[in-house]
Each structure stands twice: as C-alpha cells, then as structure tokens.
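Here's the structure, in structure tokens; my notes come after.
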Amino acid sequence: MKSEPEECLILGVIPNGRPFRPSDWSERLCGALASYDNHGRWVYSEHAQPIIHEGQVGVRVKTVLKNSNPGAYKFIMDFACDNQLKVVSRRKVIYLNEPAAVPEVALSVRELKLAL
C-alpha cells in the first residue's frame, strides 16, 4: 500500500540551484490562505506556512489541504510546478514538471596495483 506523506516542502530553489525571486514569495503564497485573528493579527493557515529549511526559504504544505480545500492545494502545487521549484516529501526530492528519472549510482574508483 502506498502511503502519502503528511506534508511536503516547497523550497525556493530552481533547477539551476539559484534562489527563486522575489525573496518574499513564500509569504505571498501562504498569504492566499491566511486570515486575521480576533486581535487583528495576520495568521497563516495551519495547512500552508512559510518556513526556512536548511537555509532555504520555503513553504510547508500539509497534504490534508488536498481534501479540505482542493482548489487551494492545486493553486499551491501549480505555483511550484510553473516556477520549477523543488518539492521535498519525506522520502525523495521531485520536480513537478520533470519526468521521473532513473537515479544514477556513482561507485568509488579504486586504483589497483598488480604485485608479482
């Protein structure tokens, strides 16, 4: 049985390794689901929040959003795909707009000497 991770991270890194611009993209994206609380403070949704992961700006998206608000989930994931952002699940890194590739395996090279 295939299990889906509870959340994924969308990181502000494009395939060439450069940071995605503008630098506040994660706040803007999460602002689509944010609201004001009773005290007039801006509060991000528990389903999509801006984060910094290993020094990279990103958005944490809980996959329950797919069921609770499919339109918002599609909007966020389409944004990641359209802008070629890195999407990280618990298990692997994928780019939403690239076909799945067979992973390359690099073996260490040893120098062999023949002793007679």
Side-chain angles (χ1 to χ4, degrees):
M1 182 175 155
K2 185 177 178 182
S3 64
E4 187 172 282
E6 290 181 18
E7 64 186 26
C8 62
L9 303 177
I10 300 171
L11 300 176
V13 179
I14 55 178
N16 66 7
R18 301 178 91 186
F20 181 69
R21 297 285 181 229
S23 59
D24 66 344
W25 70 270
S26 62
E27 290 92 352
R28 292 181 187 197
L29 186 60
C30 292
L33 295 176
S35 61
Y36 290 97
D37 68 6
N38 295 338
H39 303 288
R41 292 178 293 199
W42 188 247
V43 179
Y44 291 110
S45 166
E46 64 184 74
H47 301 301
Q49 299 172 338
I51 60 157
I52 296 180
H53 176 74
E54 296 178 357
Q56 298 175 340
V57 174
V59 173
R60 182 178 65 207
V61 180
K62 294 192 176 179
T63 54
V64 297
L65 184 62
K66 187 187 296 187
N67 297 325
S68 64
N69 191 340
Y73 183 81
K74 182 176 178 351
F75 172 76
I76 290 171
M77 299 313 279
D78 284 349
F79 178 88
C81 180
D82 293 344
N83 292 290
Q84 300 180 333
L85 299 177
K86 188 185 294 187
V87 178
V88 182
S89 70
R90 277 191 219 158
R91 299 185 189 131
K92 60 183 178 178
V93 175
I94 55 173
Y95 286 98
L96 294 178
N97 63 339
E98 292 181 3
V102 177
E104 294 181 20
V105 177
L107 301 175
S108 60
V109 177
R110 293 185 182 180
E111 185 178 318
L112 300 176
K113 294 182 182 181
L114 182 60
L116 298 175

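All residue numbers in this chain count up from 1 along the given sequence.
Ring geometry for Phe79 against Phe20 counts as perpendicular: the plane angle is over 60°, on a 0 to 90° scale with 30° as the lower cut.
Nearest heavy atom pair, residue Cys8 against residue Met77, reads SG-CE, 4.1 Å.
If you take OG1 on Thr63 and CD on Glu7, they are separated by 8.0 Å, rounding to the nearest 0.5 Å. To the nearest 0.5 Å, atoms CD1 (Ile76) and CG (Leu85) are separated by 12.0 Å.
Residue pairs meeting the side-chain hydrogen bond (donor to acceptor under 3.5 Å, both in side chains) criterion with at least one partner in residues 45-56, sequence neighbours excluded, are Gln49-Arg60.
With sequence neighbours left out, Arg18 forms a side chain to side chain donor-acceptor pair (under 3.5 Å) with no residue at all. A search for side chain to side chain donor-acceptor pair (under 3.5 Å) contacts involving Asp24 returns Arg28, not counting sequence neighbours. Residues meeting the salt bridge (charged side-chain N to carboxylate O under 4.0 Å, His left out) test with Arg21, sequence neighbours left out: none.
The only option from Val57, Leu9, Val59 that meets the side chain to side chain contact (heavy atoms under 4.5 Å, CB included) definition with Ile51 turns out to be Leu9.
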With a 3.5 Å cut-off and sequence neighbours excluded, list the donor-acceptor pairs that the side chains of residues 30-44 form with protein atoms.
from, atom 1, to, atom 2, distance (Å)
Asp37, OD1, His39, N, 2.9
Asp37, OD1, Gly40, N, 3.1
Asp37, OD1, Arg41, N, 2.8
Asp37, OD2, Arg41, NE, 3.1
Asp37, OD2, Arg41, NH2, 3.2

Residues Ile14, Asn83; criterion side chain to side chain contact (heavy atoms under 4.5 Å, CB included); working and verdict
CA-CA 7 Å; Ile14 55 178; Asn83 292 290; 5.9 Å; no

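Note on Ile10 and Phe75: same hydrophobic cluster, where clusters join Ile, Leu, Val, Met, Phe, Trp and Tyr whose side-chain heavy atoms are under 4.5 Å apart, directly or indirectly.
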